[in-house]
Amino acid sequence: MRLSQLFFATLREDPVEAEMPSHRLLLRAGYVRQLGSGIYSLLPLGFRVNQRVEQVIREEMNRIGCQEMEMPVVHPADVWRRSGRYTDVGPELARFKDRGDRDMVLAMTHEEVVAGLLADLVQSYRQLPVLVYHFQTKFRDEPRSRGGLIRVREFVMKDSYSCDRDDAGLDVSYWKHHAAYTRIFERLGLHAIAVSSDVGMMGGSLAHEFMVLNPAGEDVLVLCEACGYAANRQVAVAPKPAAPDEAPLPREDVATPDTPTIADLARFLEIGEDRTAKAAFFTTGDGRLITAIVRGDFEVNETKLVNAVRAIGGIRPATVDEIKAAGMEPGYGSPIGAHDTTIVVDDLVARSPNLVAGANRVGYHARNVNAGCDYSADVTADITNARHGDPCPECAGPVVLRNGIEVGNIFKLGTKYTEAFDATYLGEDGERRPIVMGSYGIGLGRAVACVVEDHHDDKGIAWPDEVAPYAGHLVALGATKEPQVAEVADRLHGIAAAAGREILYDDRDESPGVKFKDAELLGMPWILTVSPRSLAAGGVEVTRRATATRSTVPVADVERLLAEGLPAGDLPAGELTAV
RNA sequence: CGGGGCGUAGCGCAGCCUGGCAGCGCGCGUGCUUUGGGAGCACGAGGUCGUGGGUUCGAAUCCCACCGCCCCGACCA
């Protein structure tokens, strides 16, 4: 592909709106352009990267026996009503009416469609298991897109679905996907780690997210370097320290002016935050007020809290009025004397004697508050976030907290969708049973962005061989002055093209500086420089983009390399005659 | 949805406070020179100053409304 013909443009300066390296470089190097918030066009280079990623995923999905198909983007709303998601999912599900005034949706995923197809096609246990997948555009009207391609509203996703006779079959399909995902991310050059994750309200029993460590990641991971424990903080078990062995003392109020935060309170009373109880207030989607009590030195984990109270429609922070209506005072709140609220007490607070808690009066707290005596819990559960340095739940070693970007997830769904769509089969024993499903996703654009995050330097992108849009970037210098340069470069380009292994060819009439800068920005794994100087030195200068290792290789050897395909990794020593 | 910021040439920005010819750098076009690290000279093209309304003799500039984009938060089966 001649750069003089390629539909692209590089930017000399950083676009203001781009903060993450992947966003900045993909824009600057001419891989993508933004159309609207969270909506991007893939330019030819970006499209080729997407195709390469797609091909890696396709090969690995096929390898586990997953069959490629395609399902529609636009669905009649009735399909989503049948599963209940038409009302369960919030405004991120885009809805519209067609010309016949029928309700329609833009699909976020395809569980419903798969379940409907199963009901249509599968009669007997002999037809199971089935694994299917497709690459399809998803639209999710996210409240806020961010980070370039990291969080967008429209994106292509590989989603696959396993359909099994029973839980044992699901388990096999699930771990097949786990293995396939591990191979996929390895081939893409991503160090993805599988962490256990929230199964949410889907009634699923097991879920993993594949995470790439990144400081800008939106998820917090709890990792143990000693034993390999890895979990999303949303679900990471938080082993708690021992509570002091004290007899409960009688409660007494104490004046604590201007101490609305735990830090203020601990400083005022000259006690540790671990001797306080913190109240946090939330309202569920169906209007219940939740009062969560954790020890002052811990944070409430909202996912755990949602699961503990089986909140319908999730939770949001409660308003001041809602808190006061239940007889509590924000900043000085506690469940003492509260009414019309569900009290959820963290397991550590439940066994910690004589804590300082709010007195539900501005400027006052209560000493020696004891759960079970001074108030009673509706639910007692682990509802705190694991903290940096906390003991690992598996091996008790210290855990570390890291941010991560979710590039894939695997999820045991169960029978929620197949039951809704009456997707059953007749078993060997003549019994009719619902098919057991799992669903598995990988966001392509996000994976591409993560690859750039992990494979770039201050000059630009350095694509891994498996995802590079072209293996080589041929730079011709001084071609107008020295006809032999143009002749050699044209021939090399032609040989690669004829072999079906096209390379980029910078045939533009630009200065050497511009060409080198662009080659480094675009990031093909191999940069081949032909110039009067290189020819005088004996051939073509061959540079590995990622390592900047450079050698001069005879033209004949380069011709052979291009015909056979440029190698992945460094030049094989000895195979080539470096000059 | 709450908080903050921004919208002026293809890109990056100045001008706005204090109203009075719409500018700078890069890029783009033509010509000549140049050719191993974002070249030089000359000439030139390119703008509904996000949109609508208001104030004013006069609005990029002041006021109101709206739209869009970015960041933080909320949200994210």
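Letters A, B, ... mirror the listed sequences (proteins, then strands); counts begin at 1.
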Problem set entry | Aromatic plane relationship, A:His178 with A:His208 - under 30° parallel, 30 to 60° tilted, over 60° perpendicular | perpendicular

* Look at the aromatic rings of A:His134 and A:His110 and report parallel, tilted or perpendicular, splitting at 30° and 60°. =>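 Rings of A:His134 and A:His110: perpendicular, as their planes differ by over 60°.
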
Sort out the partner of [N] for me: Watson-Crick or G-U wobble, both distances under 3.5 Å, none otherwise.
| N | value |
| --- | --- |
| B:G73 | B:C1 |
| B:A42 | B:U30 |
| B:G68 | B:C6 |
| B:U61 | none |
| B:A22 | none |

Polar side-chain contact [X]-[N] base: donor and acceptor under 3.5 Å:
| X | N | value |
| --- | --- | --- |
| A:Glu13 | B:G25 | yes |
| A:Asp14 | B:G12 | no |
| A:Arg316 | B:A74 | no |
| A:Ser511 | B:G38 | no |

Among [options], which nucleotide sits nearest the side chain of [X]?
| X | options | result |
| --- | --- | --- |
| A:Glu510 | B:G12, B:C28, B:C71 | B:C28 |
| A:Glu17 | B:A77, B:G36, B:C70 | B:C70 |
| A:Arg146 | B:C11, B:C70, B:C75 | B:C75 |
| A:Thr529 | B:G36, B:U35, B:G38 | B:G36 |
| A:Leu11 | B:C70, B:C11, B:U35 | B:C11 |
| A:Arg533 | B:G36, B:G38, B:C75 | B:G36 |
| A:Val514 | B:G38, B:C71, B:C75 | B:G38 |

Once you apply a heavy-atom cut-off of 4.0 Å, does [X] come out as touching a base, just sugar-phosphate, or nothing?
| X | value |
| --- | --- |
| A:Glu406 | nothing |
| A:Gly147 | sugar-phosphate |
| A:Ser439 | nothing |

Only one of A:Val558, A:Val542, A:Ile503 passes side-chain contact (heavy atoms from CB on, under 4.5 Å) with A:Leu566, and that residue is A:Ile503

Between A:Glu19 and A:Arg24, does any NZ, NE, NH1 or NH2 come within less than 4.0 Å of an OD or OE carboxylate oxygen?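 A:Glu19 and A:Arg24: not salt-bridged.
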
dist A:Leu221:CG -> A:Asn232:CG (nearest 0.5 Å) comes out at 6.0 Å

### Task
Can you establish whether the number of heavy atoms outside A:Phe47 located under 6.0 Å from its atom CZ is more than 12?
no

P-based separation of B:G23 from B:C69 [nearest Å]
31 Å

Write down the distance separating the C1' atoms in B:U34 and B:G46, rounded off to the nearest Å.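 Each nucleotide's C1' atom is 27 Å from the other's.
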
Specify the separation, in whole Å, of atom CZ of A:Phe516 and atom P of B:U35.
->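 One finds 15 Å between P of B:U35 and CZ of A:Phe516, rounded.
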
